[in-house]
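As structure tokens, the structure follows; a few thoughts come after it.
Here is the naming used below: chain letters follow the sequence lines, and residue numbers restart at 1 for every chain.
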Protein chains: 2
Amino acid sequence: MQAKAHKVDSPPAERWVAFAEAELRAAGHRSSAPRAAVVDLIGRQDCVLTAHEIAEELRRRGHGVGIATVYRTLELLERGKLVQRLDVGGASARYEPAFPGGEHHHHHLVCERCGRVTPFEDDDLERAIAELADRLSYRVGEHDVVLKGSCPRCSRVAG
Amino acid sequence: MQAKAHKVDSPPAERWVAFAEAELRAAGHRSSAPRAAVVDLIGRQDCVLTAHEIAEELRRRGHGVGIATVYRTLELLERGKLVQRLDVGGASARYEPAFPGGEHHHHHLVCERCGRVTPFEDDDLERAIAELADRLSYRVGEHDVVLKGSCPRCSRVAG
DNA sequence: GTCGATGCAAAGAATTTGCAGGACC
DNA sequence: GGTCCTGCAAATTCTTTGCATCGAC
């Protein structure tokens, strides 16, 4: 339960991609190669991505997609709760696949030195948040806790 | 412990303002009216403010301060750990006074409907985070948990 | 054939930076 | 009087939007 506790079991990419495409279709959207490429990339990445990173990676793979299309697709996915948007404090927002019913729900640690984003799950934290929400008479929705700190590697190197 | 649990005791503004000014001075910075106005406003506000809000409020009070100066002052304060920067998901960053030694440490709830930001404290959450950090062999620094949801008022109005 | 989707480029918004002049010590 | 600070405006970066064109259904 030490250094590898941060490794959340990798989400079933294929399942999410199929699900997301079906949802978009069901919502009355047409299918298209650029959009499919974006959805596919998001589903297969294990780390959170920025819009720029998505566009860049697709270009590298030869399927150049306009940055506007990337943003429009992300907005669509976010509205359908198919992706989770993260604000980890950098200039740009990051996105990751979201599963229905809160499956694979997790949070993130951000290393302030190297910028690495590490997912984690924790039942105690979840419970604390739930009790908290009751007490505050606040309805907490799809919360995402972003903790900032220094990852093991960076802590070792520089205090 | 119900609807008013979100009211954290208001921070001692005067004390923070004096402390921040002393720290800046000690760090070798000169004093100036614009910078003092920014520090003073941050210290007296009970809610988190954006750079734009700070500039706007100061202009309203007749002490127009250039937006660049506001940003430069905020950066200075942030580097000295005199303010805490918050990314609550909007377009712009928000800032609030920070006290030495983690005094008045708290977190925030953000209402996704009305945008209101509400501070809260919670020992259980704090404990869960501390244990978590150990287990992950991650060194968690000045963490700030931002929970998003729907505040009591908005929940009552619209489901 | 209609209407949504795309890509480019322009528009916007937030933040940073260059620079000339002014203020502090 | 030298150096730091300020304000303006230009530059950057991220994101959104207008519009003509293309493609799915």
Side-chain angles (χ1 to χ4, degrees), chain A residues 20-42 48-80 82-83 85-95 115, chain B residues 20-42 48-80 82-83 85-95 115:
Chain A
E21 283 173 344
E23 285 283 294
L24 289 181
R25 181 67 61 103
H29 298 289
R30 296 177 180 175
S31 83
S32 79
R35 184 172 291 171
V38 172
V39 170
D40 191 70
L41 180 59
I42 293 172
V48 291
L49 294 174
T50 64
H52 181 261
E53 285 166 353
I54 292 170
E56 195 58 32
E57 178 61 21
L58 291 179
R59 180 169 308 119
R60 205 173 298 133
R61 297 186 185 182
H63 310 81
V65 170
I67 189 73
T69 295
V70 174
Y71 277 109
R72 283 190 278 235
T73 300
L74 288 171
E75 191 201 336
L76 227 52
L77 292 170
E78 193 183 5
R79 254 204 309 247
L82 295 165
V83 296
R85 178 193 183 132
L86 292 193
D87 293 295
V88 299
S92 41
R94 292 179 170 277
Y95 298 83
Chain B
E21 284 174 345
E23 286 283 294
L24 289 181
R25 180 68 62 106
H29 298 289
R30 295 176 180 176
S31 82
S32 78
R35 184 173 291 171
V38 172
V39 171
D40 191 71
L41 179 58
I42 292 172
V48 291
L49 293 174
T50 64
H52 180 262
E53 286 166 353
I54 292 169
E56 194 59 32
E57 178 61 23
L58 290 179
R59 180 167 308 119
R60 204 172 300 133
R61 296 186 186 182
H63 309 81
V65 170
I67 188 74
T69 294
V70 173
Y71 277 110
R72 283 189 276 235
T73 300
L74 288 172
E75 190 201 336
L76 229 51
L77 292 170
E78 193 183 4
R79 253 202 312 244
L82 295 166
V83 296
R85 176 195 183 130
L86 291 193
D87 293 295
V88 299
S92 40
R94 293 179 169 277
Y95 298 82

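Counting any heavy atom pair closer than 4.0 Å across all strands shown, B:Gly28 reaches no nucleic acid atom. When heavy atoms are screened at a 4.0 angstrom cut-off, B:Ala93 is found touching the sugar-phosphate backbone but no base atom. Contact annotation for A:Ser31: backbone-only contact, meaning every heavy-atom pair under 4.0 Å involves sugar-phosphate atoms and none involves a base. Residue B:Ala91 is classed as a sugar-phosphate contact, given heavy-atom separations below 4.0 Å to backbone atoms only.
At the phosphate of D:dC25, OP1 or OP2 sits under 4.0 Å from a side-chain N or O atom of A:Arg25. For C:dA5, one of the phosphate oxygens OP1 or OP2 lies less than 4.0 angstrom from a side-chain nitrogen or oxygen of A:Arg35. Checking the phosphate oxygens (OP1, OP2) of C:dA5, no side-chain nitrogen or oxygen of A:Ser32 falls inside 4.0 Å. Note on B:Thr69: every side-chain N or O is 4.0 Å or more away from OP1 and OP2 of D:dC5. Between B:Tyr71 and C:dT16 there is no side-chain polar atom (N or O) within less than 4.0 angstrom of OP1 or OP2.
When every heavy atom of A:Thr69 is checked against every heavy atom of A:Pro34, the shortest pair comes out as CG2-CB, 4.1 Å.
Going from atom CD of B:Glu75 over to atom P of C:dT16 covers 7 Å, rounded to whole Å. For the pair A:Asp87 CG and D:dT13 P, the interatomic distance rounds to 20 Å; values are reported in whole Å.
Toward the 5' end of DNA chain C, the nearer of the two residues A:His29 and B:Ser92, judged by each one's closest nucleotide, is A:His29.
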